[in-house]
Amino acid sequence: MILGAGPAGLVLGNLLLAAGVDCLIVERQSRAHVEQRARAGFLAANTVRILTANGLADGLLANGQQHDTCAFRTDSGEFELGYRDLGRREVHTVYPQQDLVRDLVAEFLARGGELRFETAAIGISGLDGDRPEVLTQGPDGARRLLHGRFVAGCDGRHGLARTAIPEGAARRTGRDHGVSWLALLAAAPQSLAAVTYAVHQDGFAGHMARTPQVTRYYLQVEHGTDPADWTDDRVWDELQLRMRTDQYGPLHQGPILERRVLNMASDVLDPIQYGRLFLVGDAASLISPSAAKGANLAIMEAEVLAQALASQLRNGDEGPLTRYSADCLPRIWRAQEFSHWMINLLHGPAGKDDEAAFLRALQRTRLENLRTSRRHQDQFAEQYVGI
Ligand code: FAD
């Protein structure tokens, strides 16, 4: 039983079906909702490898764009890092998460999988035994009790699965980074060839490609900001200021299609399994979007879990399932560490006191290291595009 039809649940479901393991996905939202929910876009090389190796990459190989450069704009100028020539010499594939989800849903159904939309998991029990149960509520309000051999909690950060682990059986560590972003989707083509991170005294601004018609932008805003206060004009004025368009040229403007505030927060559960329950993706570890790792981690963990479940169910080999947390957590922590480093790279504290000035000097030094040191650039590239 798989809870949630995001990247984690859908990749897991597809891989299990390919391995001859029956599974059922329940998703509390409608199909239209999950197929239109715009979030991630930057897929790491390992993610593309997993999807390609499992026949899930036709859409992204046909329509995704390869990206190999990111740029930083600061008070002291602009520099670019072409990471195709750095680190492991890998690139990103940009493919909107909602398009990937649409492809994965279609493939799961084509492989004969059962996917119940508008069906929420509302209770999980029996995780200590060999026949756990999930209580669901469907669109008609009817409740049904489902039984299975295992439960995969792929239901995201606000899901039920992580709350089903008894008190004391897993430790949650986490941090609110004290930074918020206004996440924007603009109906405009990308203005710059590269992902661009603008570090500005008024706050961070980011430019990220999505499709030829739509570009994602981010603006650092105060905690508690109401997105409705940001009219299209105010958004474009602020983006132009922070992206320093007077120095580097204009942005292609268009209507803002979506605006929402993201509070940068991260957490990790340890372990990410309990009895017959295994957590995957945001349910296991929430990661700030500063380094675009969340969907990539979700797909990596889905692959590890699919292989472990197939070993157990086909060969009776418990080893990989027992090691699931130990196999995933070091990679989760590496992604968390890099995302945290990116937060410190991109955001300087406001204020004029000595501590703020000290932290801003550290931030300038980090950026300068990245601009001038090949060793820093190689390490950055390896973590930026890797998982
Ligand atoms: P989700 O995608 O959240 O899916 C969980 C699913 O479970 C949902 O469909 C939900 O409706 C369902 N569900 C919840 N509760 C229940 C229940 N009780 N019963 C049944 N179903 C339930 N990551 C990247 O790798 N690269 C990026 O470029 C990137 N950019 C991002 C930009 C933004 C603005 C945001 C918000 C996130 C971004 N991320 C990025 C993060 C990425 O989107 C998430 O990490 C990813 O969606 C996690 O996938 P998931 O399957 O674990 O969870």
Side-chain angles (χ1 to χ4, degrees), residues 1-13 24-44 46-48 67 92-98 100-101 104-105 115-124 134-139 146 151-164 180-185 195 206 208-210 216-218 227 258-266 272 279-302 305 332 335-336 338-339 342 384-387:
M1 292 176 287
I2 298 174
L3 315 186
L10 290 165
V11 170
L12 177 63
L24 162 72
I25 303 181
V26 293
E27 164 57 54
R28 84 173 159 192
Q29 300 286 358
S30 67
R31 181 170 180 176
H33 182 96
V34 300
E35 291 186 349
Q36 283 162 24
R37 193 170 44 195
R39 287 182 173 174
F42 275 70
L43 301 180
N46 186 53
T47 306
V48 176
H67 270 246
H92 281 114
T93 301
V94 178
Y95 190 58
Q97 179 168 326
Q98 66 274 26
L100 179 63
V101 163
L104 293 170
V105 167
L115 207 172
R116 295 188 193 162
F117 287 104
E118 297 175 64
T119 300
I122 55 170
I124 303 173
V134 175
L135 182 63
T136 65
Q137 185 158 26
L146 308 175
V151 180
C154 306
D155 51 351
R157 63 181 295 195
H158 299 300
L160 181 72
R162 54 162 49 195
T163 67
S180 296
W181 282 2
L182 184 63
L184 303 152
L185 282 177
V195 168
M208 276 126 220
R210 280 298 186 261
R216 190 175 271 298
Y217 287 95
Y218 293 113
E258 187 185 295
R259 39 168 77 69
R260 57 187 285 213
V261 171
L262 302 177
N263 295 327
M264 297 283 150
S266 310
I272 54 173
L279 302 179
V280 189
D282 283 8
S285 161
L286 176 65
I287 188 159
S288 80
S290 56
K293 297 290 184 204
N296 292 292
L297 277 178
I299 291 171
M300 177 278 291
E301 292 153 32
L305 183 58
I332 291 174
Q336 289 283 4
F338 183 65
S339 296
M342 281 291 279
Y384 187 61
V385 75
I387 200 82

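For ligands, and for the atoms within them, numbers begin at 1 and follow the listed sequence.
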**Q.** Shortest protein contact, atom 26 (N) of ligand 1 (heavy atom only)
**A.** Ala292 O, 3.2 Å
Q. Is it the side chain, the backbone, both or neither of Gln97 that has a heavy atom closer than 4.0 Å to ligand 1?
A. side chain
(Q) Taking distance alone, with N or O pairs closer than 3.5 Å, would you say Ala295 contacts ligand 1? (A) yes
Q) Should you measure from each heavy atom of Gly41, which atoms of ligand 1 turn up under 4.0 Å away? A) 27 (C), 28 (O)
Q: Could you tell me if any non-hydrogen atom of Arg216 lies under 4.0 Å from any atom of ligand 1?
A: yes
**Q.** Nearest atoms (heavy-atom pairs only) where Ala5 meets Glu27
**A.** N-OE1, 2.7 Å
Q.
So if I count the atoms of ligand 1 from 1 in the order they appear, which ones are less than 4.0 Å from some heavy atom of Val26?
A. 20 (C), 21 (N)
Q | Proximity flag Trp181 to ligand 1, non-hydrogen atoms under 4.0 Å | A | no
Q: Just need the protein heavy atom nearest to atom 53 (O) of ligand 1, so name the residue and atom and give the distance.
A: Gly156 CA, 3.9 Å
Q) Which atoms of ligand 1 are found less than 4.0 Å from any heavy atom of Tyr218? A) 32 (C), 33 (C), 34 (C)
Q | Option set Cys154, Ala121, Ala183, criterion heavy-atom distance to atom 18 (N) of ligand 1, minimum | A | Ala121
Q: Mark up the atoms of ligand 1 that fall under 4.0 Å of a heavy atom belonging to Gly4, in ascending order.
A: 6 (C), 7 (O), 12 (C), 21 (N)
Q | Side-chain donor or acceptor of Thr119 paired with backbone N/O of Phe117 under 3.5 Å | A | yes
Q: Specify whether Trp181 and Tyr218 have parallel, tilted or perpendicular ring planes, treating 30° as the upper limit for parallel and 60° as the lower limit for perpendicular.
A: tilted
(Q) I'd like to know if the side chain of Lys293 reaches the main chain of Gly386, judged simply by a donor and an acceptor atom lying under 3.5 Å from each other, with no hydrogens or angles considered. (A) yes
Q: From the options Pro289, Gly281, Pro7, select the one whose nearest heavy atom is closest to atom 49 (O) of ligand 1.
A: Pro7
Q.
If you compare all heavy atoms of Glu301 against all heavy atoms of Leu279, which two are closest, and at what distance to 0.1 Å?
A. OE1-O, 4.5 Å
Q | Geometric N/O contact Gly159 with ligand 1, under 3.5 angstrom | A | no
Q. Short list, please: which atoms of ligand 1 are under 4.0 Å from a heavy atom of Gly6?
A. 2 (O), 4 (O), 6 (C), 51 (O)
Q | atom 21 (N) of ligand 1: the protein heavy-atom neighbour that sits closest, reported with distance to 0.1 Å | A | Arg28 N, 3.2 Å
Q) Looking only at N/O atoms, are Ala8 and ligand 1 under 3.5 Å apart anywhere? A) yes
Q. Is Arg260 in polar range of ligand 1, meaning some N or O pair under 3.5 Å apart?
A. no
Q. So is Gly294 polar-close to ligand 1, meaning N/O to N/O under 3.5 Å?
A. yes
**Q.** Sub-4.0 Å heavy-atom contact, Arg157 with ligand 1
**A.** no
(Q) Arg210: which residues meet the salt bridge (Lys or Arg N to Asp or Glu O under 4.0 Å) condition with it, sequence neighbours left out? (A) none
Q. So which protein heavy atom does atom 16 (C) of ligand 1 come closest to, and at what separation?
A. Asp155 CB, 3.7 Å
Q: Give the atoms of ligand 1, by number and element, whose distance to some non-hydrogen atom of Leu262 is under 4.0 Å.
A: 34 (C), 36 (C)
Q. Just heavy atoms, cut-off under 4.0 Å: does Phe117 contact ligand 1 by side chain, backbone, both, or neither?
A. neither
Q. Distance from Arg260 atom CZ to Arg39 atom CZ, nearest 0.5 Å?
A. 6.0 Å
Q) Of all heavy-atom pairs between Ala298 and Val280, which one has the smallest distance, and what is that distance? A) O-CG1, 3.7 Å
Q) Among Gln29, Arg37, Met208, which residue places a heavy atom closest to atom 8 (C) of ligand 1? A) Arg37
Q: Could you say whether the N/O atoms of Glu27 and ligand 1 ever approach to under 3.5 Å?
A: yes
Q. So, for Ile25 and Gly4, which heavy atoms are closest and what is the spacing to 0.1 Å?
A. CG2-O, 3.6 Å
**Q.** Nearest non-hydrogen partners of Ala38 and Gln98, listed with the distance
**A.** CA-OE1, 3.3 Å
Q: May I ask you to decide if Leu43's main-chain N or O and Thr93's side chain share a donor-acceptor pair within less than 3.5 Å?
A: no
Q: Please answer whether the main-chain N or O of Ala120 pairs with a side-chain N or O of Gln137 as donor and acceptor at a distance below 3.5 Å.
A: no
Q | Minimum-distance pair of heavy atoms, taken over all atoms of Gly9 and Ile2 | A | CA-CG2, 3.7 Å
**Q.** Thr119, portion touching ligand 1 at heavy-atom distance under 4.0 Å
**A.** backbone
Q. Can you find an N or O of Arg39 that's nearer than 3.5 Å to an N or O of ligand 1?
A. yes
Q: For side-chain contact (heavy atoms from CB on, under 4.5 Å), just list the numbers for Val34 and Leu10, CA-CA rounded to whole Å, side-chain angles, deciding distance to a tenth of an Å, and then say yes or no.
A: CA-CA 11 Å; Val34 300; Leu10 290 165; 5.9 Å; no
Q: Could you find the nearest protein heavy atom to atom 45 (O) of ligand 1 and give me its residue, atom name and distance?
A: Asp282 OD1, 2.8 Å
Q | Under 3.5 Å: donor-acceptor pair, side chain of Asp155, backbone of Ala161 | A | yes
Q) Under the salt bridge (Lys or Arg N to Asp or Glu O under 4.0 Å) test, which residues partner Arg31, sequence neighbours left out? A) Glu35
Q.
Quick test: of every protein heavy atom, which one is nearest to atom 39 (N) of ligand 1, and how far off is it to 0.1 Å?
A. Ala40 CB, 3.8 Å
